[in-house]
There are 2 protein chains.
Amino acid sequence: MAPRTRQSQRRRQVLSRERIVEAAIELLDAAGEGALTVRTLTERLSTGSGAIYHHVGTRQELLESAIDTVVSAALDAVPTPARDREGAPEDEIRAVALGLFDAATRHPWLAAQLAAQITRNPWGPVTLQVFERIGRPMRALGVPEHDWFAASSTLVHYILGATTQNTQHADAAPVGDRAEFLDATARAWQDLDPGDYPFVRAVAGQMREHDDRRQFRTGIDTVLKGITATHRPRRRQART
Amino acid sequence: MAPRTRQSQRRRQVLSRERIVEAAIELLDAAGEGALTVRTLTERLSTGSGAIYHHVGTRQELLESAIDTVVSAALDAVPTPARDREGAPEDEIRAVALGLFDAATRHPWLAAQLAAQITRNPWGPVTLQVFERIGRPMRALGVPEHDWFAASSTLVHYILGATTQNTQHADAAPVGDRAEFLDATARAWQDLDPGDYPFVRAVAGQMREHDDRRQFRTGIDTVLKGITATHRPRRRQART
DNA sequence: ACCTGAACACCGTTCAAGT
DNA sequence: ACCTGAACACCGTTCAAGT
């Protein structure tokens with residue numbers, strides 16, 4: 001029916017690195033890291049494996065591109081405040097951190113992959129971007145220049161650890177039964193030997209009722225407070 | 001030469017779950033996660049693959065046992081203080097955290113695997129142990145009971161994030177050239193566009209000279225300070 | 001019960017060959 | 001330049017068969 005001039009369109013456009021990365025993200029979102037396979041990719045894009053390697057280099061590299069794409073989009077969506085207003089630095093750090101947290105929630109594979117990739121290449125483009133967006137507002141927090149790297153590292157490490165821990169189990173479970181999962185865990189905790197695990201037993205109830213995102217927010221606030229308390233000590237510090 | 005009565009000894013004892021886990025840890029230590037293969041394991045233990053599956057269930061399970069073994073050993077090596085002495089809770093939390101950090105340094109595969117496994121099964125035996133050892137002293141920090149779970153989570157998340165980020169790249173690089181690696185990274189950072197990455201550029205020098213372990217320690221102190229500052233506010237909190 | 005090792009169904013990656 | 005798809009060298013896991 002349609003004229004022949006745009007024939008390439010029905011056959012799913014031309015292949016390109018972007019289209020491959022896009023398809024990879026869809027596969028990852030649908031079923032986790034294990035679902036990203038060169039063969040699945042060739043089916044979805046109806047090509048041969050060679051075509052993919054022509055554009056992409058390696059599966060690992062493709063995964064990195066997927067991470068980079070998602071993280072960049074998340075960070076770009078966080079607005080940069082116009083000028084340093086009242087209490088602005090804390091607000092921006094919170095916004096960046098929550099932007100990452102929410103991206104990890106939307107893409108359940110992200111946190112684990114991000115953590116793994118950062119260990120593999122600690123200073124790749126993704127880490128760089130995260131550091132820049134966290135570090136820039138941090139400077140307005142009263143931290144002396146020689147502590148900038150340490151303070152921003154602490155924030156970034158907390159963000160990475162918390163998102164990894166909180167975002168859903170990578171491949172397993174149909175996502176919906178989170179409440180059920182927390183409930184089962186809480187019950188298991190309550191059944192622990194009180195001699196061996198008094199603390200875990202005591203917090204089982206809090207664990208069941210906690211809200212991941214809310215807790216992440218208060219965690220960020222705790223770290224921010226630690227940074228400002230260290231560098232703006234009010235009067236002398238209490239001894240004993 | 002030796003009498004026949006102990007024939008089993010030369011042929012590397014009998015196979016057991018413990019011996020398999022032990023061999024797995026050796027393989028991991030020697031060459032990272034990729035080196036742990038059922039086939040390599042059968043060669044090292046001179047058996048068939050079926051023998052391994054008879055004892056172990058699955059490769060994933062074996063990996064979890066390896067993690068559990070190493071983490072348990074690290075935590076057990078940290079002494080529990082006799083009674084709550086002066087400033088003891090902070091000291092114990094620091095000791096536990098550093099125990100984990102040092103274990104991750106000795107076993108370069110550990111941090112990444114720990115992070116991955118915790119995402120897979122957030123409340124498995126490993127997480128449980130870590131939480132218990134961190135949470136117990138934390139109670140003496142002045143945190144009200146309804147915040148116990150949140151405060152201990154913040155600590156644990158920071159510990160996991162920082163060890164993951166700081167412990168060497170999993171499989172790559174012969175470990176030795178860390179200084180060289182930091183140097184190359186610092187140079188790359190200094191060459192970044194100052195318009196795009198002013199912060200990262202500014203801290204490149206600090207990055208090169210930083211000491212991972214020392215920085216981890218100050219990170220823990222920052223989080224601890226954040227916790228105590230939140231829950232023991234001196235006078236009223238400064239507004240604006 | 002404990003072990004053997006061939007066989008199965010998958011991987012990622014390469015490469016001669018086509019257009 | 002871009003793509004095809006068979007082939008290669010690996011995986012984890014199973015299972016009939018042995019002791």
Side-chain angles (χ1 to χ4, degrees), chain A residues 4 6-25 27-28 30-67 109 113 116-117 120 170-172, chain B residues 4-25 27-28 30-67 109 113 116-117 120-121 170-172:
Chain A
R4 227 79 180 310
R6 298 294 220 94
Q7 8 80 302
S8 62
Q9 206 154 33
R10 170 181 293 107
R11 208 169 268 274
R12 313 190 81 122
Q13 313 158 31
V14 239
L15 206 52
S16 70
R17 200 187 156 91
E18 288 74 39
R19 269 184 45 65
I20 295 173
V21 172
E22 188 192 329
I25 293 175
L27 288 173
L28 290 164
E33 202 227 324
L36 178 57
T37 271
V38 178
R39 276 162 183 81
T40 338
L41 219 41
T42 59
E43 282 164 30
R44 191 171 191 109
L45 298 166
S46 43
T47 47
S49 58
I52 290 182
Y53 283 94
H54 182 79
H55 290 280
V56 154
T58 187
R59 189 194 110 110
Q60 193 55 245
E61 201 183 304
L62 176 56
L63 204 42
E64 281 162 30
S65 287
I67 296 167
W109 51 276
Q113 279 325 110
Q117 200 232 296
R120 217 176 292 123
D171 300 295
Chain B
R4 225 84 180 305
T5 20
R6 299 295 220 94
Q7 6 82 301
S8 63
Q9 204 153 37
R10 172 185 289 105
R11 207 170 267 273
R12 314 189 83 126
Q13 314 156 29
V14 240
L15 206 52
S16 69
R17 201 189 155 91
E18 289 73 41
R19 270 186 42 67
I20 296 173
V21 172
E22 188 192 327
I25 293 175
L27 288 173
L28 290 164
E33 201 227 324
L36 178 58
T37 271
V38 177
R39 275 161 183 81
T40 340
L41 218 41
T42 59
E43 284 165 27
R44 190 169 192 110
L45 297 166
S46 42
T47 48
S49 57
I52 290 182
Y53 282 93
H54 182 79
H55 291 279
V56 154
T58 185
R59 189 195 110 110
Q60 193 55 244
E61 201 184 306
L62 176 56
L63 203 43
E64 280 162 30
S65 286
I67 296 167
W109 50 277
Q113 279 326 109
Q117 201 232 297
R120 217 175 294 121
N121 177 15
D171 301 295

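Throughout, a chain's letter reflects where its sequence line sits, starting with A, and its residues are numbered from 1.
Here Gln60(B) pairs with Arg120(B) under the side-chain hydrogen bond (donor to acceptor under 3.5 Å, both in side chains) rule; sequence neighbours left out. Residues passing the side chain to side chain contact (heavy atoms under 4.5 Å, CB included) test with His55(B), sequence neighbours excluded: Leu15(B), Ile20(B). Annotation: side-chain hydrogen bond (donor to acceptor under 3.5 Å, both in side chains) contacts of Ser65(B) (sequence neighbours excluded): Arg17(B).
Taking atom CD of Glu43(B) as the reference point, atom P of dG12(D) lies 12 Å away to the nearest angstrom. Distance CD1 (Ile20(A)) to P (dC2(D)): 11 Å, rounded to an integer number of Å. Between His55(A) atom NE2 and dT4(D) atom P there is a gap of 9 Å when expressed in whole angstrom units. dG12(D) atom P lies 10 Å from atom CG of Leu41(B), rounded to whole Å. Distance, Ile52(B) CD1 to dA1(C) C1': 17 Å, rounded to whole Å.
One N or O on the side chain of Ser16(B) and one on the backbone of Arg19(B) form a donor-acceptor pair closer than 3.5 Å. Looking at Thr42(A), its side chain does come within 3.5 Å of a backbone N or O of Arg39(A) through a donor-acceptor pair.
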- Note on the structure: A correct 5'-to-3' footprint of nucleotides 13-19 of chain C, with B, S and - meaning base, sugar-phosphate only and no protein heavy atom under 4.0 Å, is BBB----

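Every pair tested for salt bridge (charged side-chain N to carboxylate O under 4.0 Å, His left out) that includes a residue from residues 46-56 of chain A fails, sequence neighbours excluded, so the list is empty.
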- Query: How does DNA chain C read in dot-bracket, base by base from 5' to 3', with Watson-Crick or G-U pairs under 3.5 Å and | used when the partner is on another strand?
  - Reply: ||.|||||...|||||.||

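Using a 4.0 Å heavy-atom cutoff across all strands shown, Leu36(A) reaches sugar-phosphate atoms only and no base atom.
Taking the charged nitrogens against the carboxylate oxygens, Glu22(A) and Arg44(A) have no contact shorter than 4.0 Å, which rules out a salt bridge. Look at Arg59(A) and Glu64(A) and you find no salt bridge, because none of the NZ, NE, NH1 or NH2 atoms lies under 4.0 Å from a carboxylate O.
Considering only side-chain N and O atoms, His54(A) lies under 4.0 angstrom from the phosphate OP1 or OP2 of dC2(D).
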